[in-house]
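Here is the structure we will look at.
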Amino acid sequence: MPEMPEVETIRRSLAVRIQGLTIKETTIKLARLIKWPTLHEFSASIYGSTIIRLERRAKYLLFYLDNEKVLVVHLRMTGRLNYVSEGKPKDPYSRIIFHFTNGDSLEYADTRTLGTLYLMPATELNRIYGLISLGPEPLSDEFTFDYLLSLVLKRKGKIKSLLLNQKAIGGIGNIYADESLSLAGIHPARVACTLTVIEVEKLHSAINEVIKKGIEEGGTTFRDYRDADGNKGRFQQELTVYGRKGDPCKTCGTDVMRTEVAGRGTHFCPNCQK
DNA sequence: ACAGGAACCTGATAGC
DNA sequence: TGCTATCAGGTTCCTG
């Protein structure tokens with residue numbers, strides 16, 4: 001479900017709620033979502049720990065605990081994190097619940113159950129391959145024009161595949177890939193290494209602009225994304241192509257097309273994107 | 001080394 | 001109404 005702007009919005013809304021709270025017991029309704037360690041160790045290690053801070057790396061959330069451990073959560077397609085005040089109704093797809101000593105709880109809910117949770121010593125986070133192998137993320141100092149150019153020049157695959165490749169760039173998903181390519185005027189199926197320097201410049205600033213705006217607008221609620229307090233995002237109002245199949249392009253009026261690129265539903269304006 | 005496709009899951013919606 | 005097909009914001013594993 002969520003991409004970098006959605007995960008960042010969840011982080012911001014959740015951090016102010018949970019920092020300093022202490023976890024008592026954990027209710028685990030779907031154990032297979034916990035990838036490490038064993039069920040017993042997971043519950044035992046987290047019991048009595050206090051959340052010091054909440055960080056994000058690309059689409060991963062990292063809950064730093066006062067016992068030198070880190071709870072790592074990846075929401076995949078439909079994961080949600082709900083801060084639930086005492087006595088409030090629970091999400092029907094609630095899978096794992098962390099109960100705090102103040103009576104409130106943090107609920108991990110997930111319709112399609114593809115999400116993943118880990119509890120790792122802070123010194124062993126490098127054992128999570130998807131986390132350690134992440135490329136630089138948009139808006140960071142490492143994500144420079146030169147970096148993107150060097151990446152693009154050596155790739156023979158489609159440009160959209162590159163944007164979705166988390167080892168190349170961390171944090172972009174299907175919505176923001178389509179929106180970035182739309183803003184840059186580049187067709188998603190273009191072979192990466194055929195892009196001109198000017199096009200790479202446009203793409204570099206388009207990615208940063210779209211991700212920045214996405215965060216400012218609190219993410220995109222296309223279906224069921226919500227922040228930790230249950231609020232919807234606002235970026236869906238700004239979408240130029242994603243989810244707009246058959247609707248007129250906001251620039252030229254041509255019907256927005258939907259095809260499949262890199263195995264994903266892909267939206268673009270056939271007139272504006274070459 | 002890299003690209004493409006299937007697999008993992010469940011539910012919502014569109015079309016007949 | 002009810003059935004079927006398609007689609008879904010992601011990642012990983014396998015194959016070629």
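Cation-pi geometry between A/R53 and A/Y64 is satisfied (NZ or CZ under 6.0 Å from the ring centre, within 45° of the ring normal).
Other residues, nucleotides and ligands contribute over 12 non-hydrogen atoms within 6.0 Å of the NZ atom of A/K250. By the neighbour-count criterion of 12 heavy atoms within 6.0 Å, atom OH of A/Y47 is sparsely surrounded, having that number or fewer from other residues, nucleotides or ligands. The environment of A/E209 atom CD is sparse: at most 12 non-hydrogen atoms of other residues, nucleotides or ligands sit within 6.0 angstrom.
A/R223 has its CZ atom 13 Å from the P atom of C/dG10, to the nearest Å. One atom, CG of A/L33, and another, C1' of C/dG10, lie 14 Å apart when rounded to the nearest Å. As a whole-Å value, the separation of A/E6 CD from C/dG10 C1' is 13 Å. Rounded to a whole Å, the CD1 atom of A/I132 is 17 Å from the C1' atom of C/dT12. Straight-line distance from the NZ atom of A/K167 to the P atom of B/dA1: 13 Å, rounded to whole Å. Atom P of nucleotide C/dC7 and atom CG of A/D178 are separated by 15 Å, given to the nearest angstrom. For the pair A/F222 CZ and B/dG11 C1', the computed distance is 15 Å after rounding to whole Å. Look at CG on A/L164: it is 9 Å from P on C/dT11, rounded to the nearest Å.
Here A/K59 reaches the OP1 or OP2 of C/dT11: one of its side-chain N or O atoms lies under 4.0 Å away. OP1 or OP2 of C/dT11 lies within a sub-4.0 Å distance of a side-chain N or O belonging to A/H74. Residue A/Q166 has no polar side-chain atom (N or O) positioned under 4.0 Å from OP1 or OP2 of C/dG10.
Of the N and O atoms on the side chains of A/K160 and A/T266, at least one donor lies less than 3.5 Å from an acceptor on the other residue. Checking A/S140 against A/E137 by side-chain atom types alone, no donor-acceptor pair falls below 3.5 Å. Looking at A/N82 and A/K90, their side chains never bring a donor and an acceptor atom within 3.5 Å of each other.
A/Y176 comes within contact range of no nucleotide atom at all, as no heavy-atom separation falls under 4.0 Å.
To the nearest whole angstrom, the two P atoms, one in C/dT6 and one in B/dA7, are 16 Å apart. Across the P atoms, B/dA6 and C/dC7 are found 14 Å apart, a figure rounded to whole Å.
Aromatic ring orientation, A/F222 versus A/Y242: perpendicular (interplanar angle above 60°, classes split at 30° and 60°).
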(request) Output, in order, the C-alpha distance, side-chain angles, deciding distance and verdict of ring-ring contact (aromatic ring centres under 6.0 Å, His included) for A/F235 and A/Y176. (result) CA-CA 10 Å; A/F235 194 67; A/Y176 295 92; 5.6 Å; yes
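With B/dA12, C/dG10, C/dT12 as the candidates, the nucleotide lying closest to the side chain of A/E3 is C/dG10.
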(request) Scan nucleotides 3-10 of chain B nucleotide by nucleotide, 5' to 3', and note B when protein non-hydrogen atoms come under 4.0 Å of the base, S if they reach only the sugar-phosphate, - if neither. (result) S----BBB
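Between the side chain of A/H204 and the main chain of A/D146, no donor-acceptor pair closer than 3.5 Å is present.
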(message) Expected output check: what is the dot-bracket annotation of DNA chain C, where ( ) and [ ] are pairs inside the strand (brackets for crossing ones), | is paired with another strand, and pairs are Watson-Crick or G-U under 3.5 Å?
(response) .|||||||.|||||||
